[in-house]
Amino acid sequence: MINRRYYGQFGGAFLPEILVATFDELVSAFEEAKNDPSFWQEYEKVMSTYSCRPTPITFAENLTKLFGGARIYIKREDLNHTGAHKANNVMGQGLLVKRMGKTRVIAETGAGQHGVATATMAAKFGFKCTIYKGEVEVWRQRPNVFWMERLGAEVIPVKEGTRILKDAINESFRDWVTNMDDTHYVLGTACGPHPFPEMVTYLQSIIGKEARRQILEIEDRLPSRVYACVGGGSNALGIFSGFLDDPVELVGVEAGGDGLETGRHASRLASKDASVGVAQGYKTCFLQNSDGQMKETHSVAAGLDYVGVSPILASLKEEGRVRFESATDKEVLDATDLTIKKEGLIPALESAHAFSQAFKEAPGLSIEDIILINQSGRGDKDIFTIADAFADPKWMEFIQKKAEEYRA
Ligand SMILES: Cc1ncc(COP(=O)(O)O)c(C=O)c1O
């Protein structure tokens, strides 16, 4: 019988009858792995030999000088293999799939980082792989789709609903129901039915464990604040979990899109627009209408454009342990530009939400304060969006010439 874990009033596992045995099997495999010290050792070994862990923390000297307030450090999850924290979750679930003896993996993906990470893991471990991605996001994030396919995965554009991340999750569950004997669904964030929120947080906690140790080694004290962007919540929970028991303020930054007042955003916890509901197998705060129909969301960052949020984060908000803010698309693009120019770092547009909020707050803190920003991923995948936002004429000319070359 599934342990239907709740976090305050949030979480649980609301499953169709047909998936109950599959979830039971997953809960048992996860519990067994968690209690077996060799699992974490194997996990750390894979992550250090294949994915550059431990990732460093970088002192952002120029930004610190510019804002003249807190000392700014950046946790470099962008240095993971495949360019984001998604690798932490995926490689861990890959090890579990091996333990369960399954041979095929499926995944949903928004920005595409989770899809690329899953396709990479499947190539390394020899699994068959299918990725579901909303049709809108296939168009927005073509370079990642290109790599998923080169890595041998089948990428299925989802044409249902609003054709974004939530629809890709629905399709993944549909596939799993028909193929559960040989297939594992590698859910990409700390959402969905138990054990996913706990399991993904457990695997991502490697970020917070390292970051806490590293900041103590460098500064001999803890940060005053830790910032992370929040899509489903996995990179935020990963870094926050290292500081939950410390007197450190934790700040989650959601997608403010065109501004909370416009309704075109994806802020579940920082806005007043979400309400508690059950969907996609779990209970959390969803952006939904009074009939429980999911609303359309918007963000410049495909990976933050999701209607629900981790039940663990929803509960941490209710407890007052995590503060939630939002950053608009415009603020995020400005923060990306500034970080590139001042530090030579190219944050993913998702990560730049955390940078934007930290930049708003850094000047109000003192030089005695340390702030730590999680750079959840690198921004190479966002080249088309960023080029469009800044109307880069040389890039446009290049694309036009390339198109003419293909037409010829
Ligand atoms: C680089 C990056 N950061 C953050 C996210 C948001 O996911 P989560 O909230 O689970 O960390 C994504 C999702 O695709 C991503 O690609």
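Whatever order the structure lists ligands and atoms in, that order sets their numbers, starting from 1.
Remark: aromatic rings of F384 and W139 are distant, center separation not under 6.0 Å.
Under 4.0 Å is where a charged nitrogen must lie from a carboxylate oxygen, and between K34 and E32 no such pair does.
Under a cut-off of 6.0 angstrom, the local environment of CH2 in W395 is crowded, with over 12 non-hydrogen atoms contributed by other residues, nucleotides or ligands. Annotation for K45: atom NZ does not count as buried by contact number, only 12 or fewer foreign heavy atoms lying within 6.0 Å.
Put simply, the side chain of Y227 reaches to within 4.5 Å of the side chain of E361, judged on heavy atoms.
Residue pairs meeting the ring pair (Phe, Tyr, Trp, His ring centres under 6.0 Å) criterion with at least one member in residues 284-329, sequence neighbours excluded, are Y282-F286.
Within 4.0 Å of ligand 1, contacts by protein heavy atoms are made from H85, K86, A111, Q113, T189, C229, V230, G231, G232, G233, S234, N235, G303, L304, A348, E350, S376, G377.
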